[in-house]
Amino acid sequence: MAEILRRDFYARDPVEVARSLLGCRLLRRVDGVCLGGRITETEAYVGAEDSASHAYRGMTPRNRVMFGPPGHAYVYFVYGMHHMFNVVTGAEGVPWAVLIRGLAPELGLDAMRERRGRRPLADGPGKLCQALAIDRGFDAWDLTRGQALWIEAGEQVPDSAVAAGPRVGIDYALPQHREAPWRFCLLGN
DNA sequence: GTCAAGATTAGT
DNA sequence: CTAATCTTGACG
């Protein structure tokens, strides 16, 4: 069993954390069953200066956990149907976060299929939340406790296996933020 | 109170 | 390309 990521892992710049999370394992325990897999895609949201971030216009009831201590989940609901799972990074008071956009499923495939049916299991932020049964009940969840929902270290991922590019779904953001290479993908997925 | 828009997905 | 579906946050 690999090591659960500690708070100091999360207490960094979100771009670094987004890159470092590739290859780590996002795990969920539900009804005594473990499900999850390797993280294959992430996006960094760089706080109050980032026009793509929910924190761009300050703290609101929805985004308040982004301003809290690192190592906690920020989960919200969009489009009337999808949940998004983020991890809070940086220091308390600084609204940095990383959106987890994709997983390569490894554990609990059957349990995930119960929710996803015959469709792709976790190659998108909304699909991943459905497969792992992550909803707003996990907003502010402490990921360092290793209970119900947590992340473990994975094998080292070389830069040659990583692609960085602009984030998706943020056409509303300013050009400099729309184009910033803050999305990371593990190649071959 | 009203209203437009959304860090997406599945189906045409 | 577009519908689905409902919460949020801005405005008044």
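Per chain, numbering begins at 1; letters A, B, ... match sequence-line order.
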Notebook entry, point to check: Within the structure shown, what part of the strands sits under 4.0 Å from L99(A) by heavy-atom distance: base, sugar-phosphate, or nothing?
Noted result: base
Margin query: Please classify the nucleic acid contact of R136(A) as base, sugar-phosphate, or nothing, using heavy-atom distances under 4.0 Å.
Written below: sugar-phosphate
Next item on the list: Check DNA chain B for consecutive Watson-Crick or G-U pairs with both distances under 3.5 Å and list the runs of at least three as stems.
Entry: B:1-6 with C:6-11, B:8-11 with C:1-4
Next item on the list: Give the intermediate values and the outcome of salt bridge (charged side-chain N to carboxylate O under 4.0 Å, His left out) for residues R113(A) and D110(A).
Entry: CA-CA 5 Å; R113(A) 282 190 202 105; D110(A) 292 339; 3.1 Å; yes
Checklist line | Geometric cation-pi criterion, R12(A) with Y10(A): 6.0 Å, 45° | finding: no
Next item on the list: Can you see which heavy atom on A52(A) is nearest to which on R167(A), and at what distance?
Entry: CB-NH2, 3.5 Å
Item checked: Face-to-face stacking of Y79(A) with dA4(C), centres under 5.5 angstrom, angle under 30° -> no
Note to self: Considering every strand and a 4.0 Å limit on heavy-atom distances, what is the contact class for R57(A): base, sugar-phosphate, or nothing?
What the structure shows: sugar-phosphate
Margin query: Please report the distance separating the P of dT2(B) from the corresponding atom of dT5(C), rounded so that it comes out in whole Å.
Written below: 23 Å
Margin query: Just to be sure I understand the rule, does R116(A) reach a base, reach only the sugar-phosphate, or reach nothing, if contact means heavy atoms closer than 4.0 Å?
Written below: sugar-phosphate
Notebook entry, point to check: Touch check for M84(A), heavy atoms < 4.0 angstrom, all strands: base, sugar-phosphate only, or nothing?
Noted result: sugar-phosphate
Note to self: The side chain of P61(A) is closest to which nucleotide in this list: dA10(B), dG9(C), dT8(B)?
What the structure shows: dG9(C)
Check: Which of these nucleotides, dA7(B), dT9(B), dT5(C), is closest to any side-chain atom of Y74(A)?
Finding: dA7(B)
Check: Can R136(A) be said to sit on top of Y76(A)'s aromatic six-ring, NZ or CZ under 6.0 Å from centre and within 45° of the ring axis?
Finding: no
